[in-house]
**Q** 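For reference, the structure I am asking about is given below.
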Amino acid sequence: MAYDHKKVETKWNQYWLKNKTFKTDASSNKKKFYALDMFPYPSGSGLHVGHPEGYTATDILSRMKRMQGYEVLHPMGWDAFGLPAEQYALDTGNDPAEFTDKNIDTFRRQIQDLGFSYDWDREISTTDPDYYKWTQWIFLKLYEKGLAYIDEVPVNWCPALGTVLANEEVIDGLSERGGHPVERKPMKQWMLRITAYADRLLEDLDELDWPESIKEMQRNWIGRSEGANVTFEVAGQDESFTVFTTRPDTLFGATYAVLAPEHKLVEKITTADQKEHVSAYIEKNKSKSDLERTDLAKEKTGVFTGAYAINPINNQEIPIWIADYVLASYGTGAIMSVPAHDQRDYDFAKTYNLAIIPVLEGGDIEKEAFTEDGKHINSGFLDGLNKDDAIQKAIDWLEKEGKGERQVTYRLRDWLFSRQRYWGEPIPIIHWEDGTTTGVDESELPVILPKTTEIKPSGTGESPLANIDEWVNVTDPKTGMKGRRETNTMPQWAGSSWYYLRFIDPTNSDHLADKDLLNEWLPVDVYIGGAEHAVLHLLYARFWHKFLYDIGVVPTKEPFQKLFNQGMILGENNEKMSKSKGNVVNPDDIVGSHGADTLRLYEMFMGPLDASIAWSETGLDGARRFLDRVWRLFINEETEELSEKIVNDVEDDKLEKVYHETVKQVTENYQDLKFNTAISQMMVFINEAYKTDQILTAYVEGFVKLLSPIAPFIAEELWDKLGHDETITFEAWPTYDETKLEENEIEIVVQILGKNRARMMVDKDVTREELEKLALEHEAIKERIADKTVRKVIVVPGKLVNIVAN
RNA sequence: GCGGUCGUGGCGGAAUGGCAGACGCGCUAGGUUGAGGGCCUAGUCGGGGUUUACUCGGUGGAGGUUCAAGUCCUCUCGACCGCACCA
């Protein structure tokens with residue numbers, strides 16, 4: 001009978017769950033290995049074939065490490081707060097908690113069907129009060145240390161969702177979820193001071209074993225730039241403003257200044273006759289979305305305020321303009337313009353006929369700005385210096401004269417942390433009637449998210465929690481003072497910023513996790529997930545981790561030592577899978593038709609783990625065919641017992657070399673996450689084994705072990721058929737013998753001028769000199785070099801001989 | 001525009017600077033079968049040819065380094081991802 005995946009997969013799933021095969025003993029004495037997946041948001045549409053790709057990769061590592069004697073921590077949980085559940089609840093009137101629980105049940109069932117070796121006793125959900133108690137606790141600590149604060153900031157107000165969105169959640173002026181229009185509106189918000197950690201978040205990237213592309217993205221996101229703040233007086237008024245510049249050396253070339261339209265000074269300094277123009281400009285830009293503002297980037301617009309500033313370095317009066325190419329949110333919201341040496345300033349100056357004074361030699365300011373290095377000219381005491389020296393000297397001068405100072409600016413902005421939503425962790429803060437604000441006492445955590453049937457946004461910007469009087473209103477039992485709970489909730493990023501810590505000690509009620517256990521298990525050895533989390537999630541988690549390190553909660557500076565981003569699985573038409581395109585593949589269907597092992601095998605065989613590759617039904621069939629071939633090779637289809645080809649002794653062991661090669665390559669490839677080549681090597685072994693009449697039992701057992709991390713169900717069943725009573729999970733990983741990899745006779749390629757001209761079989765121990773001699777004496781070679789002079793012979797032992805002859 | 005990643009058969013892809021195309025899909029042929037499917041075996045980069053171990057060309061394009069380049073360097077074209085008026 002053919003391999004029956006349904007029967008076998010059901011059998012072993014029940015066995016694993018019943019025996020808690022994958023339970024982690026967190027305090028064991030074994031070496032530790034922590035393999036973490038990015039936990040999913042349990043959406044209503046269930047698991048997607050993209051999920052199991054990364055999960056299979058970590059599962060392979062986990063299963064191999066168990067067999068190599070490690071204590072493995074391999075957990076799964078749910079990032080279950082989030083807007084979709086709230087939107088669903090609004091649409092249907094159902095409780096988002098119930099909806100979420102139902103989705104989690106589906107996800108858990110689907111994930112278990114795929115045979116991942118998770119310790120289900122460590123399952124956590126960010127929505128569980130026992131979990132978010134500690135999310136709130138971390139917030140309180142941040143608040144105590146002054147890293148959580150309230151600020152009035154212009155935020156992305158989305159009327160349709162009745163909530164505020166983070167910049168990151170707004171794409172092209174529309175909400176990321178739902179695609180509703182978004183407008184700017186100032187509001188009081190909780191902010192987290194991630195900028196205080198900017199330098200450390202940047203520097204510590206160097207120590208991490210992460211893909212260079214992700215590190216680079218984080219560096220760009222943090223966007224550190226060094227320069228100077230320079231103070232400009234406003235001519236004839238008792239006002240001044242500060243600009244940030246990376247090129248203080250070009251101060252002599254500053255011919256005008258530009259303020260962001262939102263800059264506080266604009267109203268004060270604008271002259272009467274320019275007032276109308278300026279107001280009109282500001283009004284026009286206010287109504288523009290960010291998208292429209294950037295779309296108009298090619299044509300720079302602005303308007304003169306009528307006021308002049310005094311260039312501190314030469315006391316010249318320069319006009320002050322406003323323009324929306326200057327952003328209020330970056331630097332000081334004001335710039336000095338050096339049109340001769342900055343392309344944006346150049347374009348602006350050309351448009352409005354402003355002066356352009358070159359202060360560096362080289363370039364042609366008739367055509368474009370000169371942004372390269374050169375000797376300074378027209379620059380007083382900076383003349384003759386190059387860029388770097390002039391920057392230093394200019395800053396020294398500014399500091400001495402009290403007109404500026406060295407300054408580092410980041411692109412990174414503080415983390416807008418509050419959400420006007422129901423379905424999130426309540427922020428544990430109370431606003432008292434005397435105007436003070438305090439954190440909720442630690443002993444009162446968690447602040448439970450109350451159940452309610454009214455979760456519609458208030459529409460005023462407050463969250464639905466504001467309508468629940470018995471929850472919102474509190475009285476201090478000691479003083480009798482009345483207060484109101486913070487009604488904002490936390491963003492989805494909160495719970496996912498520390499969940500990897502809770503997995504280490506998921507039921508601890510006294511601490512977020514036991515300190516000794518954290519010492520044992522951190523950092524995470526390997527963390528695999530999608531590249532879409534390259535910046536935000538990973539930056540936020542690193543920030544919280546560093547904070548927890550500073551207050552002595554965690555022992556490491558960084559949470560994730562090795563990170564890997566799996567690629568995307570595209571639809572068969574090579575496009576991203578989506579319902580609207582009708583190219584979505586449901587893992588349940590594949591588990592039913594081909595089996596979980598086949599799905600795992602196929603996803604690992606498609607190509608490199610980090611590549612984005614299109615789904616192929618015939619490719620999937622091929623993966624199943626391989627498992628069938630393995631089954632038929634080892635199992636007699638009539639008796640369903642072990643094939644009589646499998647024996648304890650053979651006369652002529654034809655498989656020895658390929659077996660040892662396979663053990664070596666598969667072991668190394670798994671370690672390097674090169675699963676596609678590991679699988680191809682196993683295919684080579686099976687192809688060879690088919691050509692022999694007898695196969696040593698030891699090879700079969702070794703092969704089944706190698707296969708087990710990828711296809712655990714069929715491996716368990718074969719292990720059982722091989723006569724073992726216990727699970728294969730903790731059997732020793734196969735080893736290989738290096739000496740068995742060498743042939744006595746090896747083939748050497750003989751090249752002339754780098755082109756293959758002959759091959760010869762030689763003894764493996766032949767020396768360089770002998771090899772050279774043999775090559776030169778080879779018949780075909782002799783003929784070719786007969787009329788040539790041999791200039792040089794390069795010998796690569798074991799590989800080739802290259803003769804340079806002409 | 002800036003930054004990153006990457007261009008290899010009909011397709012997915014493989015190759016510590018050392019025999020390009022492993023492995024799989026697809027296709028072709030033979031075998032097995034009442035037939036089909038399945039399975040087994042063999043072939044499958046292109047041109048030429050005396051078609052087993054012959055020969056020439058070949059990794060987006062153009063140069064370069066090297067005894068030797070898919071791999072390293074320069075330029076260029078193209079694709080994808082991220083950021084985007086960041087002073």
Side-chain angles (χ1 to χ4, degrees), chain A residues 2 211-221 223-225 227 243-247 250 254 257-258 260 290 293-301 323-327 329-338 342-345 347-348 409-413 531-532 534-535 565 567-568 574 601-602 605-608 610-623 625-626 628-629 632 637 665 674 676-684 686-687 690-691 747-760 780 791-796 798-805:
Chain A
E212 199 47 47
S213 61
I214 301 291
K215 290 197 204 177
E216 202 53 35
M217 277 190 220
Q218 293 217 344
R219 289 188 189 108
N220 289 341
W221 190 264
R224 179 190 155 96
S225 60
V243 305
F244 173 70
T245 177
T246 53
R247 296 295 301 276
T250 60
V258 185
D290 279 0
R293 241 170 111 156
T294 42
D295 253 11
L296 292 170
K298 281 144 210 159
E299 255 181 78
K300 299 214 183 326
T301 62
D324 62 2
Y325 84 91
V326 174
L327 304 177
S329 57
Y330 182 77
T332 58
I335 62 161
M336 62 177 215
S337 281
V338 186
D342 181 289
Q343 194 57 42
R344 292 157 303 179
D345 296 344
D347 295 341
F348 192 80
T409 295
Y410 300 93
R411 204 186 75 101
L412 181 71
R413 279 170 259 169
E532 66 272 23
V535 177
N565 292 117
M568 226 182 323
N574 241 305
L601 180 73
Y602 173 58
F605 187 60
M606 291 173 92
D610 58 357
S612 290
I613 301 168
W615 182 264
S616 154
E617 201 66 26
T618 51
L620 181 73
D621 291 341
R625 205 168 315 167
F626 172 65
D628 283 335
R629 259 166 83 75
R632 279 199 312 273
E637 297 216 60
Q665 192 181 324
K674 289 157 81 172
N676 54 330
T677 52
I679 292 165
S680 100
Q681 182 60 39
M682 287 193 279
M683 289 172 168
V684 168
I686 292 298
N687 289 344
Y690 257 93
K691 292 174 193 163
E747 190 179 56
I748 296 290
V749 173
V750 185
Q751 303 182 326
I752 297 174
L753 289 171
K755 286 188 190 288
N756 297 348
R757 293 305 181 194
R759 289 146 207 277
M760 54 189 192
R791 309 271 175 202
K792 197 173 172 185
V793 179
I794 288 102
V795 180
V796 183
K799 286 234 168 74
L800 58 75
V801 179
N802 189 9
I803 299 164
V804 186

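All values below were derived from every heavy atom in this structure, side-chain atoms included, with hydrogens, water molecules and symmetry-related copies excluded. Here is how names work: the chains are called A, B, and so on, in the same order as the sequence lines, proteins then strands, and each is numbered from 1.
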**Q** Go through rU41(B), rC23(B), rG13(B) for me and flag the one nearest to the V684(A) side chain.
**A**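 Selected nucleotide (nearest to the side chain): rC23(B).
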**Q** Are any non-hydrogen side-chain atoms of N565(A) and P211(A) less than 4.5 angstrom apart?
**A**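 SC-SC contact between N565(A) and P211(A) confirmed.
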**Q** V749(A) has a side chain; which of rG18(B), rC19(B), rA87(B) sits nearest to it?
**A**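 Between rG18(B), rC19(B), rA87(B), the one nearest the side chain of V749(A) would be rC19(B).
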**Q** Could you say whether S213(A) or R411(A) is positioned toward the 5' end of RNA chain B, judged by the nucleotide with the nearest heavy atom to each?
**A**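 Per heavy-atom nearest nucleotide, the more 5' residue is S213(A).
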**Q** How long is the line joining CE of M336(A) and P of rA87(B), in whole Å?
**A**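 M336(A) atom CE is separated from rA87(B) atom P by 12 Å.
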**Q** Between rA15(B) and rG24(B), how far is it from one P atom to the other, in whole Å?
**A**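 These two P atoms come out 16 Å apart once rounded.
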**Q** Under a cut-off of 3.5 Å for both distances of each Watson-Crick or G-U pair, what dot-bracket string does RNA chain B give, using [ ] for crossing pairs and | for inter-strand pairs?
**A** (((((((..(((.....[....)))(((((((.....)))))))((((.....))))..(((((..]....))))))))))))....
**Q** Provide the distance between the two P atoms, one in rC73(B) and one in rA69(B), to the nearest whole Å.
**A**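 Comparing P positions in rC73(B) and rA69(B) gives a spacing of 15 Å.
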**Q** Rounding to a whole Å, what distance do you find between D345(A):CG and rA87(B):P?
**A**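 Taking atom P of rA87(B) as the reference, CG of D345(A) is at 11 Å.
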**Q** In whole angstroms, how far is the P atom of rA69(B) from the CG atom of N802(A)?
**A**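 N802(A) atom CG is separated from rA69(B) atom P by 9 Å.
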**Q** What residues, two or more places apart in sequence or in another chain, satisfy side-chain contact (heavy atoms from CB on, under 4.5 Å) together with Y602(A)?
**A**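 Result, side-chain contact (heavy atoms from CB on, under 4.5 Å) vs Y602(A): M606(A), W615(A), S616(A), L620(A), A623(A).
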**Q** What is the distance from CD of E212(A) to P of rC6(B), rounded to the nearest Å?
**A**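 E212(A) atom CD is separated from rC6(B) atom P by 11 Å.
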**Q** Applying side chain to side chain contact (heavy atoms under 4.5 Å, CB included), run through I803(A) and V750(A) and close with a yes or a no.
**A** CA-CA 8 Å; I803(A) 299 164; V750(A) 185; 3.9 Å; yes
**Q** Go through rC83(B), rA87(B), rA14(B) for me and flag the one nearest to the W221(A) side chain.
**A**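 Selected nucleotide (nearest to the side chain): rC83(B).
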**Q** Separation of M606(A) atom CE from rG12(B) atom C1', in whole Å?
**A**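 The distance from CE of M606(A) to C1' of rG12(B) comes to 8 Å, rounded to the nearest Å.
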**Q** Quick one: Y690(A) OH to rU41(B) P, roughly how many Å, whole number?
**A**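 These atoms are roughly 8 Å apart.
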**Q** Give me the distance, rounded to whole Å, that separates rG18(B) from rC25(B) when you measure between the P atoms they each carry.
**A**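 Comparing P positions in rG18(B) and rC25(B) gives a spacing of 29 Å.
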**Q** Does a side-chain heavy-atom distance below 4.5 Å link V326(A) with V258(A)?
**A**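 Yes, their side chains come closer than 4.5 Å.
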**Q** Any side-chain heavy atom of M683(A) within less than 4.5 Å of one from F605(A)?
**A**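 Side-chain contact under 4.5 Å: yes.
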**Q** Grab the CE-C1' distance between M217(A) and rC2(B) for me, whole Å please.
**A**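 Computing the M217(A):CE to rC2(B):C1' distance gives 14 Å.
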**Q** Let's go through N220(A) and R411(A) carefully: what are the C-alpha distance in whole Å and the side-chain angles of both, what is the deciding distance for side chain to side chain contact (heavy atoms under 4.5 Å, CB included) to 0.1 Å, and is it a yes or a no?
**A** CA-CA 8 Å; N220(A) 289 341; R411(A) 204 186 75 101; 5.9 Å; no
**Q** Please give the distance between the P atoms of rC80(B) and rG12(B) as a whole number of Å.
**A**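 Their P atoms lie roughly 15 Å apart.
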**Q** Dump the intermediate steps for side chain to side chain contact (heavy atoms under 4.5 Å, CB included) on N802(A) and V793(A), then the final yes or no.
**A** CA-CA 6 Å; N802(A) 189 9; V793(A) 179; over 6 Å; no
**Q** Could you walk me through whether R632(A) and Y690(A) pass side chain to side chain contact (heavy atoms under 4.5 Å, CB included), step by step?
**A** CA-CA 10 Å; R632(A) 279 199 312 273; Y690(A) 257 93; 3.6 Å; yes
**Q** rG57(B) and rG70(B): how far apart are their P atoms, nearest whole angstrom?
**A**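 About 13 Å, rounded to a whole number of Å.
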**Q** To the nearest 0.5 Å, how far apart are CD1 in I335(A) and CZ in F244(A)?
**A**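 The CZ atom of F244(A) is 12.0 Å from CD1 of I335(A), to the nearest 0.5 Å.
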**Q** Considering only side-chain heavy atoms of S680(A), which listed nucleotide, rU41(B), rC23(B), rC67(B), is closest?
**A**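 Between rU41(B), rC23(B), rC67(B), the one nearest the side chain of S680(A) would be rC23(B).
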**Q** Taking any heavy-atom pair under 4.0 Å as a contact, classify P608(A): base, sugar-phosphate, or nothing.
**A**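 Result for P608(A) = sugar-phosphate.
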**Q** Please list, for nucleotides 24-29 of chain B, all pairs of protein and nucleotide N/O atoms separated by less than 3.5 Å.
**A**
{"unit_1": "rG24(B)", "atom_1": "OP1", "unit_2": "N687(A)", "atom_2": "ND2", "d": "3.2"}
{"unit_1": "rC25(B)", "atom_1": "OP1", "unit_2": "R625(A)", "atom_2": "NH1", "d": "3.1"}
{"unit_1": "rC25(B)", "atom_1": "O2'", "unit_2": "T618(A)", "atom_2": "OG1", "d": "2.9"}

**Q** Compare all side-chain heavy atoms of S337(A) with those of D342(A) and state whether any distance is below 4.5 angstrom.
**A**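 No, their side chains stay 4.5 Å or more apart.
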**Q** Is it the case that the side chain of D345(A) and the backbone of V338(A) share a donor-acceptor pair, with hydrogens and angles ignored and the cut-off at 3.5 Å?
**A**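 Judged by distance alone, yes, a pair lies under 3.5 Å.
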**Q** Counting side-chain heavy atoms from C-beta on, which of rC40(B), rG18(B), rA15(B) comes nearest to L800(A)?
**A**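 That would be rG18(B).
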**Q** Is there a side-chain contact between N220(A) and the phosphate of rG4(B), meaning an N or O under 4.0 Å from OP1 or OP2?
**A**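 For N220(A), the contact criterion (side-chain N or O under 4.0 Å from OP1 or OP2 of rG4(B)) is not met.
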**Q** In whole angstrom, give me the gap between the P atoms of rC72(B) and rU59(B).
**A**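 Their P atoms lie roughly 15 Å apart.
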**Q** Among the nucleotides rA87(B), rA14(B), rU41(B), which one has an atom lying closest to any side-chain atom of T677(A)?
**A**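 The closest nucleotide is rA14(B).
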**Q** Considering only rC40(B), rA87(B), rG18(B), which nucleotide approaches the side chain of R632(A) most closely?
**A**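 The answer is rC40(B).
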**Q** Would you mind telling me which of rC85(B), rA42(B), rA87(B) lies closest to the side-chain atoms of Y325(A)?
**A**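 Closest of the options to the side chain of Y325(A): rC85(B).
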**Q** Check the chi torsion on rG9(B) and let me know: syn if it falls within 90° of 0, anti if not.
**A**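 Classified syn.
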**Q** Base, sugar-phosphate alone, or nothing: which one does D610(A) contact when heavy atoms must sit under 4.0 Å apart?
**A**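 No contact.
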**Q** Rounding to the closest angstrom, what is the interatomic distance between rC11(B) and rG26(B) at atom P?
**A**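 Their P atoms lie roughly 15 Å apart.
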**Q** Let me spell it out: for each of A531(A) and K691(A), pick the nucleotide of RNA chain B with the closest heavy atom. Which residue's pick is nearer the 5' end?
**A**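 Its nearest nucleotide being more 5', the pick is K691(A).
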**Q** Closest approach to the side chain of Q751(A), judged atom by atom: which nucleotide of rG18(B), rG13(B), rC85(B) is it?
**A**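 Minimum distance to the Q751(A) side chain belongs to rG18(B).
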**Q** Is the closest side-chain heavy-atom distance between I794(A) and V801(A) below 4.5 Å?
**A**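 No, their side chains stay 4.5 Å or more apart.
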**Q** Which whole number of Å gives the distance between the C1' atom of rU52(B) and that of rG43(B)?
**A**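 My reading of the C1' atoms in rU52(B) and rG43(B) gives 13 Å.
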**Q** What's S337(A) touching, base or sugar-phosphate or nothing? Going by heavy atoms closer than 4.0 Å.
**A**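 It contacts nothing in the nucleic acid.
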**Q** Calculate the interatomic distance between R224(A) atom CZ and rC83(B) atom P; express it in whole Å.
**A**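 R224(A) atom CZ is separated from rC83(B) atom P by 23 Å.
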